Enquirer: 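This is the structure I want to talk about, given as structure tokens.
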Amino acid sequence: MVALFSLILTAVTILKHELSKLELKIQEAKDLKSKLQYDLSFLRAEWEYLASPKNIENLSNIHLNYQHTALLSFNDFLKILKNSEDLK
Amino acid sequence: MKLFFNPNLKNFSQEKDYENNQIIRRLFLVVFFMTAIGLLIFSKIIEIAMLYEKELVNSSKTKTENNNLFRGVIKDRNGKILASNIFKYKLKAYPRLINDPVLTSEILTQQIPNLDKRRIYNQVSNKSKFEVVILRNITAKKAKYLNSLGIPGLEFFPSIKRFYPQENLTSHIIGHTNKSLIGVNGIEKTFEKKLSSGEDITLSIDIRVQHAIREELVKDFLAFNAKTATAILADLETNEILSMISLPDFNPNLSINPSIYSYRNTATLNLYEMGSTFKIFSLAAGFEFGDVHLNSNFDVSKPLTISRFTIKDYHPQNRVLNTKEVFLKSSNKGASLIALKLGGNNLKNFYSKLGLLDYSSIDIKEKAKPKYPLKWGKIETANLSFGYGISITPIHLVEATSLIFGNFKFENVNLELKAKKRKDKNNFISFTTREKLLYLMEQNVLYGTGKNAFVKGYGIGGKTATAEKVNKNLGGYDKTKLVSSFLSIFPINKPKYICLVLFDEPLLKNTVGYNDGATGGKTAAKTTAKIIKRIAPLLGIEKENTYEDLLVKKGRKGINFASF
């Protein structure tokens, strides 16, 4: 009985030690995850600033000769194609 | 065991055997109890050990969560970030650990631009102080670089800061936080609980539309030299706000000084006597409950005097007008006659149902309660029919209009994007009344006071409003100070969006010192046209082209669809 008792206690101690080692690894992984999350958050914020409508418009004005446009309906689109075909 | 449990044991006659038997019995009992106690202690140890492990796991999890406890991110309807968190560093120096203050100040001023060398030297050479702050808000990259220089006696302290990548664009909607990252304005304050627990908030705002509207509004805000300007765009099908702009605005990334005027959200806080846009409501009430029809006649040839007050028209017609003309000519006398026919109580009930007499239902903390007369006599009824005597915020006007023209019934107007909404059919007013009002608003843009809002290819309906402001010093109304606005609905054949543009005290060029002429038609209607032309493609509204528009000219190389 005493031997069994000792054996179980030893097993529990070993398991506990293993568990604490795993806990430490998990904590390290979580810390790394947090760090990466912080970095990602910063990069995302920076990206949002760079890709803000104001900056995109400025860029397109400089490089793409930006101009406002209107949406064409599909039927109008077909009419234009037809008209251009007729001209040929 | 056999001996212990043998039933014949009682029959033992010899005394010695009996004593031995007793000893064995006691021994077994002691062993039994000891084992039981041992097992109990063992089970308790296991239990405590397991619980301890569990608590450890839980505590480490909480700790990690706390480390991750970033304030929630605020996004627009397309997932664009409007408010986020970043690390900034504070550079501290410990003067007692710095042996060479001259060299330290020299290196720091070389590495950090615009740093006052004398101030740094004075700070790092002051041995009486334990620590001094050299610089705040240093980026992670810069802090890492400075740290790598290995200057003794310096230390960096990280802190989380709120960052608003869109700067001024959403300043009044988002608001800002204080140094402790607690929301003090706007969405930051309204959704403080959710945001502080790390939950993200998605708004109904579309940042592209917001930018386009703000840009056009800023241009005219400066051109009209107005005191403030407001623009709101709402979706009638969802009752969501797509854009809300209040000018002047501010950059929430800079340090906040609450006494500065521009922090006020004019769209939800400023109370205005709106003027003629109220004719939409008084006519709606007239059509519904007052036996008023499009061809009903109202004699506005004579001055309309109630008690000691005389009601005047901004564009006097001095003849009999039908309901359509009352709307198109924006006749105050005509609207008053409709309201008087309807009755004060009916008009009050209708306004109350429209939510014009209470706080707006919008989900933002900064709201104002409308001001209206407690007594609704004849003169009050007449005034209220054309938007005088009652002060409401711009969001009230949009909300009430949405209640009239929306196809669905909603409990409130939203800034937060909600996944699913119950859509009950809106039966606030009859279909025929709604159609009559839409017809009048379309006619008003084609032939009435709202002509400047016309944009070729887009069906727009709207109502202008020009209201004089109350002169607080002399009493009465001040003709030189106007509130000019334009309320529009588009596309008019299938209403989906409401747009309100309002200028507070606009000034037209060549009318220096006297604002007469800066009407809603000449100011806000023009701005609305520019806005709709710009945002229609973003909203997916197709341009209606005529046959001539679609003709491809001879001799032109290729087809440039962007030109259509």
Side-chain angles (χ1 to χ4, degrees), chain A residues 1-2 4-6 8-9 11-13 15-16 19-20 22-24 26-27 29-31 33-35 37-57 65-88, chain B residues 31 35 38-39 42 45-46 49-50 52-53 56-57 60-61 63-64 67-68 70 73 80-82 84-87 139-140 160 163-169 207-208 210-212 215 457-458 533-534 536-537 539-545 547 549-554 558-559 561-564:
Chain A
M1 199 68 186
V2 175
L4 182 73
F5 184 73
S6 310
I8 293 169
L9 271 181
V12 166
T13 313
L15 278 171
K16 205 176 152 186
L19 196 71
S20 64
L22 284 171
E23 276 259 308
L24 205 69
I26 291 168
Q27 191 56 50
K30 279 179 179 170
D31 288 348
K33 187 188 153 204
S34 305
K35 192 186 170 296
Q37 266 184 341
Y38 294 146
D39 290 348
L40 187 66
S41 169
F42 177 77
L43 289 171
R44 271 191 184 156
E46 208 166 44
W47 168 252
E48 287 299 342
Y49 173 73
L50 291 172
S52 66
K54 188 179 158 191
N55 286 335
I56 293 287
E57 192 180 322
N65 190 23
Y66 172 84
Q67 56 177 306
H68 299 299
T69 186
L71 283 188
L72 262 185
S73 72
F74 187 64
N75 286 334
D76 286 353
F77 174 75
L78 294 178
K79 274 181 200 168
I80 294 168
L81 285 182
K82 190 178 171 292
N83 290 342
S84 63
E85 285 295 316
D86 289 348
L87 279 177
K88 285 176 187 173
Chain B
V31 169
T35 313
L39 277 171
F42 177 68
I45 289 169
I46 298 282
M50 294 300 276
Y52 181 65
E53 287 297 329
L56 255 184
V57 171
S60 69
K61 195 179 170 190
K63 205 176 171 187
T64 317
N67 281 341
N68 282 342
F70 253 0
V73 168
K80 299 285 283 178
I81 294 171
L82 308 178
S84 176
N85 311 287
I86 54 166
F87 262 127
T139 59
I160 296 171
F163 177 59
Y164 304 94
Q166 310 296 341
E167 298 182 328
N168 291 41
L169 191 54
I207 201 72
R208 302 163 308 159
Q210 177 90 352
H211 168 70
E215 210 172 64
Y458 298 107
K533 200 174 172 186
R534 182 105 184 251
L539 298 172
I541 300 171
E542 292 162 353
K543 193 178 174 186
E544 290 165 15
N545 292 294
Y547 180 73
D549 292 334
L550 301 173
L551 284 177
V552 180
K553 285 170 191 166
K554 254 187 176 179
I559 304 168
F561 285 104
S563 63
F564 289 91

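So that the names make sense, note that chain A is the first sequence line, chain B the second, and so on, each numbered from 1. All values reported here derive from a predicted model rather than from experimental measurement.
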Enquirer: Quick check: do A:P53 and B:Q166 have side-chain heavy atoms less than 4.5 Å from each other?
Expert: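 A:P53 vs B:Q166: side chains touch.
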Enquirer: Using modelled atom types only, decide if a donor and an acceptor are shared between the side chain of A:S73 and the backbone of B:E542 within a distance under 3.5 Å.
Expert: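 Pair absent, no side-chain N/O of A:S73 close to backbone of B:E542.
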Enquirer: Taking every non-hydrogen pair under 4.5 Å, which of B:R208, B:E167, B:R534 racks up the most with chain A?
Expert: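 Among the listed options, the one with the most contacts to chain A is B:R534.
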Enquirer: Which answer fits B:E215, side chain, backbone, both or neither, if we ask what part of it has an atom under 4.5 Å from a heavy atom of chain A?
Expert: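 Only the side chain of B:E215 comes within 4.5 Å of chain A.
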Enquirer: Might you point out which heavy atoms bring B:P165 and A:A45 nearest each other, and give the distance in Å?
Expert: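 The pair with the smallest heavy-atom distance is CB-O, 3.7 Å.
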Enquirer: Which atom names give the shortest non-hydrogen contact between A:A70 and B:P537, and what distance separates them?
Expert: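 The answer is CA-CG, 3.9 Å.
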Enquirer: Against chain B, work out which of A:E57, A:E46, A:R44 has the most heavy-atom pairs shorter than 4.5 Å and name it.
Expert: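 Top count of heavy-atom pairs under 4.5 Å with chain B: A:E57.
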Enquirer: Are more than 12 heavy atoms from other residues, nucleotides or ligands located less than 6.0 Å from atom OH of A:Y49?
Expert: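 Atom OH in A:Y49 is not crowded, with 12 or fewer foreign heavy atoms closer than 6.0 Å.
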Enquirer: If you round to the nearest 0.5 Å, how far is CG of B:N168 from NZ of A:K54?
Expert: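 If I round to the nearest 0.5 Å, the distance is 7.0 Å.
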Enquirer: Hey, could you give me the CG/CG distance between B:N545 and A:N75, rounded to the nearest 0.5 Å?
Expert: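 Between atom CG of B:N545 and atom CG of A:N75 there are 11.5 Å.
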Enquirer: Pick one of side chain, backbone, both or neither for B:T139, based on which atoms fall under 4.5 Å of a heavy atom in chain A.
Expert: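 For B:T139, there is no contact with chain A at all, as no heavy atom is under 4.5 Å.
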Enquirer: Go through B:I81, B:L82, B:I86 and name the one with the most non-hydrogen pairs under 4.5 angstrom from chain A.
Expert: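 Of the candidates given, the most pairs with chain A belong to B:I81.
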Enquirer: Side chain from CB out, backbone as N, CA, C, O: work out which of these in B:Y164 comes under 4.5 Å of a heavy atom of chain A, or both, or neither.
Expert: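 Looking at B:Y164, nothing touches chain A.
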